[in-house]
Amino acid sequence: MLFIGSILLLLIINILLYVFYKKNRDSKLQLRNNELTYTEHKPESVLVSRKINHNATKVISKLIKKGYLAYAVGGCVRDILLNLSPKDFDIVTDATPEQILALFKNSRLIGRRFKLIHVVFGREVIEVATFRACSERKSKKSKSGRLLLDNTYGTIEDDAIRRDFTVNAIYYDHKHNKLLDFSNGIEDLNNNILRIIGDAEARYKEDPVRMIRAVRFSCMLNFELEHSTETAILPLSHLLEDVPPGRRYNEVVKLMYTGCLTDIFKQLIKFDLFRHLFPVPSKFLEKDHKYKDFVYQATKNTDARITKGKTISPSFMLAVLLWKPVKYLTSRYIADGMDRIPARQQAIKQVISEQIVCTSIPKYFVSAIREIWELQYKLENRKPKQIYFVLSHPRFRAAFDFLGVRDSAGLLENSTYNWWDKIQYLGKPKQESMIKALIKNKHPKKKIKPKKKAQ
Ligand code: ATP
Ligand code: MG
């Protein structure tokens with residue numbers, strides 16, 4: 001009896017301690033709100049609660065159950081409020097990366113500049129970050145003011161000021177089913193405005209990638225850039241050169257998956273950002289209209305594929321952008337006396353190594369780009385003995401689409417596009433007869449001249 005009584009007493013003490021701890025934590029949050037207040041949005045939160053996905057809810061619930069704060073934030077909340085489907089779910093918490101790792105078996109630590117945790121559910125990844133603080137003292141900066149290391153943790157209010165745009169800083173509080181909006185993001189969302197949080201110049205200097213993000217979100221959401229968010233870009237565009245090539249590459253790839261790459265390219269050129277991502281192609285784009293048509297034909301194709309839910313590969317668009325510089329250099333080397341094949345190899349090597357200084361390109365994609373280019377010559381020349389090799393090449397589809405873009409942009413003198421378009425869908429016997437016809441056309445039988453009669 002006494003034993004049961006003491007267990008009950010212990011249980012009650014534990015419950016009281018837990019309630020006291022939670023109250024204290026919540027009241028701390030209230031206190032902090034005196035410094036940066038948020039507006040609660042109840043009706044909108046119902047929409048978010050219905051659309052937040054299962055795995056994200058699982059992660060949030062587990063963090064809350066273990067006594068941490070946890071919110072969904074960023075693109076997922078923004079997109080749900082705009083009736084779009086979120087690309088991914090970002091969670092933010094007061095648990096440290098180590099505490100998150102300990103909580104989820106299916107998690108891994110990523111990032112150095114920003115430590116993040118990926119919680120993996122099959123093919124889906126939920127990104128969990130710890131509230132960031134705005135600590136001038138502890139964050140490491142470059143000469144131009146770019147943040148190099150930034151792993152100091154803070155409160156939700158600190159985290160809210162550190163986010164890039166107001167519409168990306170709306171927090172969904174699953175526990176109380178409400179939205180916390182520290183910077184009038186919902187108002188901007190309703191007015192279709194993309195506004196950077198804080199002083200535009202300082203925020204771009206801190207992280208120049210935000211300039212590319214500004215262009216990406218304004219095109220993707222069809223939002224107008226708020227005045228200073230827009231005007232600060234052009235004079236600071238050169239700061240992109242301070243960003244490591246790996247980060248620049250990641251941002252470029254994100255652009256390709258938006259479905260509005262055509263608009264984005266035009267805006268990047270307008271804000272002089274394009275030149276700092278693709279310096280060599282940029283020079284050719286300025287003066288060569290045919291090449292410009294070719295590039296925009298490719299961006300339109302990419303956008304159409306994304307809209308139809310088809311897959312794309314970053315290698316395709318990179319191959320398009322770097323094609324003209326390769327062609328130009330090849331012809332220069334040939335003019336200098338080099339043979340055609342080594343000239344081409346040398347040009348490819350040079351163009352790729354010049355590009356990876358700006359946007360690194362993973363090795364796998366470099367090989368894909370090379371293969372797309374190599375196949376162009378085979379697709380144009382149609383050597384009968386190579387037809388089956390070309391058709392069964394793993395890169396045939398991409399190379400064929402590339403040929404199609406060249407064709408639509410009027411860059412092919414003798415188009416073989418329709419021929420390849422036809423042969424790839426035929427059965428073996430019909431393919432054989434097309435190849436035979438090709439041989440006949442290439443080596444027409446010499447006409448036997450009638451012998452002159454001896455007179
Ligand atoms: P999407 O995932 O649809 O491309 P997103 O807004 O979720 O858009 P992410 O790159 O997933 O973009 O970033 C998640 C959130 O992290 C952003 O919404 C923003 O709040 C914050 N964020 C990302 N990059 C930066 C940055 N460079 N500076 C400040 N905040 C950032
Ligand atoms: Mg996201």
Side-chain angles (χ1 to χ4, degrees), residues 256 261 278 280-281 284-285 288-302 304-305 310-335 338-356 361-425 431 434-435 438 441-442:
M256 294 181 190
L261 189 61
F278 299 103
V280 181
F284 285 98
L285 268 182
D288 187 334
H289 287 289
K290 273 202 164 179
Y291 170 57
K292 200 170 172 179
D293 288 348
F294 168 58
V295 169
Y296 282 120
Q297 189 65 50
T299 59
K300 281 179 200 154
N301 277 20
T302 303
R305 288 186 71 87
K310 291 186 180 173
T311 56
I312 61 149
S313 164
S315 53
F316 185 85
M317 202 57 227
L318 292 169
V320 166
L321 284 169
L322 302 173
W323 173 250
K324 177 76 196 183
V326 167
K327 289 285 264 185
Y328 171 77
L329 257 187
T330 308
S331 53
R332 244 185 51 189
Y333 287 140
I334 291 173
M338 251 177 152
D339 282 342
R340 198 169 50 88
I341 292 175
R344 201 159 73 209
Q345 294 305 334
Q346 181 66 24
I348 290 176
K349 205 171 152 197
Q350 188 175 330
V351 168
I352 291 202
S353 46
E354 277 174 16
Q355 182 56 38
I356 57 178
I361 308 174
K363 273 195 185 131
Y364 170 79
F365 288 135
V366 171
S367 332
I369 294 168
R370 281 174 174 274
E371 284 171 341
I372 290 174
W373 288 339
E374 292 297 343
L375 283 172
Q376 293 311 298
Y377 302 99
K378 294 192 166 54
L379 289 168
E380 279 174 80
N381 293 334
R382 290 182 302 175
K383 287 198 176 144
K385 278 188 184 159
Q386 290 182 343
I387 303 298
Y388 288 119
F389 165 80
V390 173
L391 284 172
S392 60
H393 196 287
R395 212 65 67 192
F396 169 74
R397 201 62 241 173
F400 169 70
D401 288 344
F402 193 98
L403 188 80
V405 177
R406 289 175 64 207
D407 192 25
S408 329
L411 291 181
L412 287 177
E413 276 170 28
N414 297 314
S415 177
T416 56
Y417 180 79
N418 289 338
W419 191 88
W420 287 102
D421 192 21
K422 192 173 169 195
I423 195 169
Q424 63 184 299
Y425 299 112
Q431 284 184 335
M434 272 183 86
I435 297 171
L438 199 65
N441 283 343
K442 285 207 169 176

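Computed from heavy atoms alone, side chains included, the values below leave out hydrogens, waters and symmetry copies.
- Under the 4.5 Å side-chain criterion, counting only non-hydrogen atoms from C-beta, Ile312 is not in contact with Phe316.
- Under a 4.0 Å N-O distance rule, the pair Glu371/Lys378 does not qualify as a salt bridge.
- Ion pairing between a basic and an acidic side chain is recognised when a charged N comes within 4.0 Å of a carboxylate O; Arg397 and Asp401 show such pairing.
- Here the straight-line distance linking atom CZ of Arg382 with atom CG of Leu438 works out to 5.0 Å at 0.5 Å rounding.
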Notebook entry, point to check: Given Tyr291 and Trp323, is the ring pair (Phe, Tyr, Trp, His ring centres under 6.0 Å) satisfied, shown in steps?
Noted result: CA-CA 9 Å; Tyr291 170 57; Trp323 173 250; over 10 Å; no

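- In this pair, Trp420 and Phe396 present their aromatic rings tilted. The plane angle is within the 30 to 60° band.
- Within the model, atoms OH of Tyr377 and CZ of Arg340 stand 8.0 Å from one another, a figure rounded to the nearest 0.5 Å.
- For the atom pair CG (Asp407) and CG (Leu412), the distance works out to 5.0 Å, reported to the nearest 0.5 Å.
- More than 12 non-hydrogen atoms from other residues, nucleotides or ligands lie less than 6.0 angstrom from NZ of Lys327.
- Contact check for Leu322 versus Trp373: side-chain heavy atoms found under the 4.5 Å cut-off.
- Taking 4.0 Å as the cut-off between side-chain N and carboxylate O, Arg344 and Glu374 count as a salt-bridged pair.
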Contacts table for residues 294-302: side-chain donor-acceptor under 3.5 angstrom, sequence neighbours left out:
from, atom 1, to, atom 2, distance (Å)
Thr299, OG1, Thr262, OG1, 3.0
Thr299, OG1, Tyr296, O, 2.8
Thr302, OG1, Ala298, O, 2.9

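- For the residue pair Gln355/Gln350, the side-chain donor-acceptor check at 3.5 Å is not satisfied.
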